[in-house]
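Note on naming: letters A, B, ... go to the chains in the order of the sequence lines (proteins, then strands), and numbering restarts at 1 for each one. Since the structure is predicted, the reported quantities are computational estimates derived from the model, not experimental observations.
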Amino acid sequence: KQEVTQIPAALSVPEGENLVLNCSFTDSAIYNLQWFRQDPGKGLTSLLLIQSSQREQTSGRLNASLDKSSGRSTLYIAASQPGDSATYLCAGKSNSGYALNFGKGTSLLVTP
Amino acid sequence: GAGVSQSPRYKVAKRGQDVALRCDPISGHVSLFWYQQALGQGPEFLTYFQNEAQLDKSGLPSDRFFAERPEGSVSTLKIQRTQQEDSAVYLCASALSWTQYFGPGTRLLVL
């Protein structure tokens, strides 16, 4: 089973800062990796999906990278805003099976 | 367009009761997943359907958990003889390709 770890567990930054969230996974036979956002009491919203053949994906102020050899992915958020406050989850899908294996998430607070 | 919907949003059950949780996926999505999310944890995979076929049920924690998708659209997750450790948020997701779209979840509390 793909084990996924996210660091830090919580992060508080002032508005306007650039920040990086980290995700590591144990199985290098990863098929794709997905970053999600979860707001309190809500479901998950997909932010970015990186296939194993890709190195990074970008959407607006978000950039996600994937390094299979080191078993790491990062989510970069530029010019953070209070509306970015949420829990960010990364999830990996291995080459075998159908499941997404999630980390515990990073709880982000962006203060005005 | 409509997203994934789940009902009920909240369910309180007495220990030993049976519950049924419903998921309406996005129309046309072939894949449907169920996850269980405990407080402060990431979602844990329960089961996967491709149309009406249940291709993976390796994450179901016990034989008290049963899922079905008889016509390849709506899915129901049934938990028999609920126990306190079943208290969690149950998330449903559907997909056409690899990106999974999640519903708001059903929060189950077993007393």
Chain A contact via [X] - which portion, at a heavy-atom distance below 4.5 Å:
{"X": "Gln6(B)", "value": "neither"}
{"X": "Leu46(B)", "value": "neither"}
{"X": "Tyr35(B)", "value": "side chain"}

- Just give me the residue among Arg107(B), Gln37(B), Glu44(B), Arg9(B) that pairs up with chain A most often, heavy atom to heavy atom, under 4.5 Å.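 So the answer, after comparing Arg107(B), Gln37(B), Glu44(B), Arg9(B), is Gln37(B).
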
- Could you tell me how the ring of Phe36(A) sits relative to the ring of Phe102(B): parallel (under 30°), tilted (30 to 60°) or perpendicular (over 60°)?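 Answer is perpendicular, since the angle exceeds 60°.
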
- Check the angle between the aromatic planes of Phe45(B) and Phe33(B) and answer parallel, tilted or perpendicular using the 30° and 60° thresholds.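 Ring orientation, 0 to 90° scale: perpendicular.
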
Please identify, among [options], the residue contributing the most non-hydrogen atom pairs under 4.5 Å to chain B.
{"options": "Gln38(A), Gln6(A), Lys42(A)", "answer": "Gln38(A)"}
{"options": "Thr45(A), Asn32(A), Leu44(A), Leu49(A)", "answer": "Leu44(A)"}
{"options": "Gln34(A), Gln51(A), Lys93(A)", "answer": "Gln34(A)"}

So, [X] versus [Y]: side-chain donor-acceptor pair below 3.5 Å or not?
{"X": "Tyr31(A)", "Y": "Ser94(A)", "answer": "no"}
{"X": "Asn101(A)", "Y": "Glu3(A)", "answer": "no"}
{"X": "Ser65(A)", "Y": "Thr74(A)", "answer": "yes"}

- Message: To check you understand the geometry: which heavy-atom pair defines the closest contact between Arg69(B) and Val74(B), and what is its length?
- Response: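 Looks like CG-O, 3.4 Å.
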
- Proximity breakdown for Leu100(A) and chain B, heavy-atom pairs closer than 4.5 Å: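 Both parts, backbone and side chain.
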
